[in-house]
Amino acid sequence: MTTTPAATPEATSARTVFLLAHTGRPAAIRSAELVVQGLLRSGLGVRVLEAEAADLPLPPSVETVREANPGVLDGCELLIVLGGDGTLLRGAEFSRASGVPMLGVNLGRVGFLAEAERDDLDKVVDRVVTRAYEVEERMTVDVVVHNNGDVVHRDWALNEAAVQKVSPERMLEVVLEIDGRPVTGFGCDGIVCATPTGSTAYAFSAGGPVIWPEVEALLMVPIGAHALFAKPLVTSPTSVLAVEVQPHTPQGVLWCDGRRTIELPPGARVEVRRGAVPVRLARLHHASFTDRLVAKFALPVSGWRGAPS
């Protein structure tokens, strides 16, 4: 994970911010309206998706583009995302493809990818206008699916690539591999291969450890495994994790960030390695990840006295 300051200030008239919102939520619509008004008052340009513009009360000066356009974020200095975890992960797809940093405003529940809450909208606008933010790179994973010796699918994930069973009544039989060597095999509900960013997402729910974002590592967490040795594994960031679906087992399914999916026939092999392209996140605060963890999970810290002076 690397952090860099925002670009040197320039005339605001030449600056454009892209806004992505979960327009199915009234709170997101109102929040989008407030952010757009604040940015326009400060002389910044605003761009939104054509499909979302119809649901948002936007002035004519707001630019609209089609989502299918590969250059949808061309010329934008920042992507502001308003919504819950699903919307933030959708924003991560735009951010990774374009290299434009993403600033998330949480309108959902936990929102670990978000940098601000809905009550901070004025502060968000002010920080964007004055470029008072830093840009942090988060590690991703690249995913390759093999079947019968052929590469049949390529994907990526910011949080995790999860191999899961399809039939609720039957386990998925798998063998796990690290760096070309087998580790163990068992029947299970699935396997989560996660980044440090994803350690507080699906991997956390499956019983995996929390990994601080600045730690470069890969994480493999079994889900509902029927085995004595089925512990989470933390490996080097240069390791290659592999999950082989056994030939005699029912088919499985691969989910990347819970958004993109492909069926895995018996005998399929999923390889997960450090991604070549990171996701860039805009950060407004210098608060430690420890403080963020305590706040997001409302952890009990009363009675803490700190280190002795």
Does a side-chain N-to-carboxylate-O contact under 4.0 Å join Glu134 and Arg283?
no
Under a 4.5 Å cut-off applied to non-hydrogen side-chain atoms, are Arg259 and Glu93 in contact?
yes
In Å and rounded to the nearest 0.5 Å, what is the CG to CH2 distance from Asp142 to Trp156?
9.5 Å
Using side-chain contact (heavy atoms from CB on, under 4.5 Å), reason through Leu89 and Asn159 one step at a time and then give a plain yes or no.
CA-CA 9 Å; Leu89 286 170; Asn159 277 345; 3.7 Å; yes
Between the main-chain N or O of Ala157 and the side-chain N or O of Arg96, is there a donor-acceptor pair closer than 3.5 Å?
no
Check this for me: does any side-chain nitrogen of one of Glu117 and Lys296 sit under 4.0 Å from a carboxylate oxygen of the other?
yes
Single-linkage hydrophobic cluster Leu58~Val65, side-chain heavy atoms < 4.5 angstrom:
no
Nearest non-hydrogen partners of Ala225 and Ala230, listed with the distance
CB-CB, 3.5 Å
Over all atoms of both residues, closest heavy-atom pair of Thr87 and Ala21
CG2-C, 4.3 Å
Do Val245 and Leu172 have side chains that get closer than 4.5 Å, going by heavy atoms?
yes
Mind running side-chain contact (heavy atoms from CB on, under 4.5 Å) on Val221 and Ile191 for me, showing each step along the way?
CA-CA 6 Å; Val221 183; Ile191 301 291; over 6 Å; no
I'd like to know if Leu241 and Val174 are part of one continuous hydrophobic network [Ile/Leu/Val/Met/Phe/Trp/Tyr, side-chain heavy atoms within less than 4.5 Å].
yes
Shortest non-hydrogen contact between Val48 and Ala53, atoms and distance:
CG2-CB, 3.9 Å
Measure the spacing between CG of Leu44 and SG of Cys76 and express it to the nearest 0.5 Å.
10.5 Å
hydrophobic_cluster_shared for Leu103 and Leu19, side chain cutoff 4.5 Å:
yes
With no hydrogens and no angle check, is any side-chain donor or acceptor of Ser98 less than 3.5 Å from a backbone partner on Phe94?
yes
Do Met139 and Pro237 touch side chain to side chain, with heavy atoms closer than 4.5 Å?
yes
Check whether any side-chain N or O of Asp257 sits under 3.5 Å from a backbone N or O of Leu158 as a donor-acceptor pair, and report yes or no.
yes
Take Leu219 and Thr195 through the side-chain contact (heavy atoms from CB on, under 4.5 Å) test and state the conclusion after the steps.
CA-CA 6 Å; Leu219 175 60; Thr195 65; over 6 Å; no
Does any N or O in the side chain of Ser167 come within less than 3.5 Å of the main-chain N or O of Arg170, such that one atom is a donor and the other an acceptor?
no
Rounded distance (nearest 0.5 Å) linking atom CG of Leu121 with atom CZ of Arg30:
9.5 Å
Answer whether the closest heavy-atom distance between the side chains of Leu264 and Val270 falls below 4.5 Å.
yes
To the nearest 0.5 Å, atom CZ of Phe204 lies from atom CD of Glu160 at 13.5 Å
Please step through side-chain contact (heavy atoms from CB on, under 4.5 Å) for the pair Ile80 and Leu20, ending with a clear verdict.
CA-CA 6 Å; Ile80 298 179; Leu20 187 69; over 6 Å; no
Would you say Arg118's side chain and Leu107's backbone share a donor-acceptor pair under 3.5 angstrom?
yes
Cation-pi check, Arg260 to Trp255: give yes when NZ or CZ is under 6.0 Å from the six-membered ring centre and within 45° of the ring axis, no otherwise.
no
Which atom names give the shortest non-hydrogen contact between Ala161 and Val272, and what distance separates them?
CB-CG2, 4.2 Å
In terms of heavy-atom contacts, does CG of Leu299 have more than 12 from other residues, nucleotides or ligands at under 6.0 Å?
yes
Indicate yes or no: at least one non-hydrogen side-chain atom of Val141 is less than 4.5 angstrom from one of Leu218.
yes
Check: Pro232 and Pro209 side chains under 4.5 Å, non-hydrogen atoms:
yes
Which pair of non-hydrogen atoms, one from Val166 and one from Gln251, has the smallest distance, and what is that distance?
CG2-O, 3.6 Å
Might you point out which heavy atoms bring Leu79 and Gly91 nearest each other, and give the distance in Å?
CD2-O, 3.4 Å
Quick one: pull up OG1 in Thr64 and CG in Leu49 and give me the separation to the nearest 0.5 Å.
9.5 Å
What residue among Arg127, Lys123, Arg292 forms salt bridge (charged side-chain N to carboxylate O under 4.0 Å, His left out) with Glu115?
Arg292
Sidechain N-carboxylate O distance under 4.0 Å for Arg90, Glu67:
yes
For Asn69, I'd like to know if atom CG has over 12 heavy atoms of other residues, nucleotides or ligands within 6.0 Å.
yes
Donor-acceptor pair between Arg138 and Thr197 side chains, under 3.5 angstrom:
yes
Any side-chain heavy-atom pair of Glu136 and Arg280 under 4.5 Å:
no
Any side-chain heavy atom of Val46 sitting closer than 4.5 Å to one from Thr16?
no
Side chain of Ser95, backbone of Ala92: donor and acceptor closer than 3.5 Å?
no
Report yes or no: do Val175 and Leu254 belong to one cluster of Ile/Leu/Val/Met/Phe/Trp/Tyr joined by side chain heavy-atom distances under 4.5 Å?
no
Interatomic distance, His22 atom NE2 to Glu52 atom CD [nearest 0.5 angstrom]
10.0 Å
Single-linkage hydrophobic cluster, 4.5 Å side-chain cutoff, Leu281 and Ile211 together
no
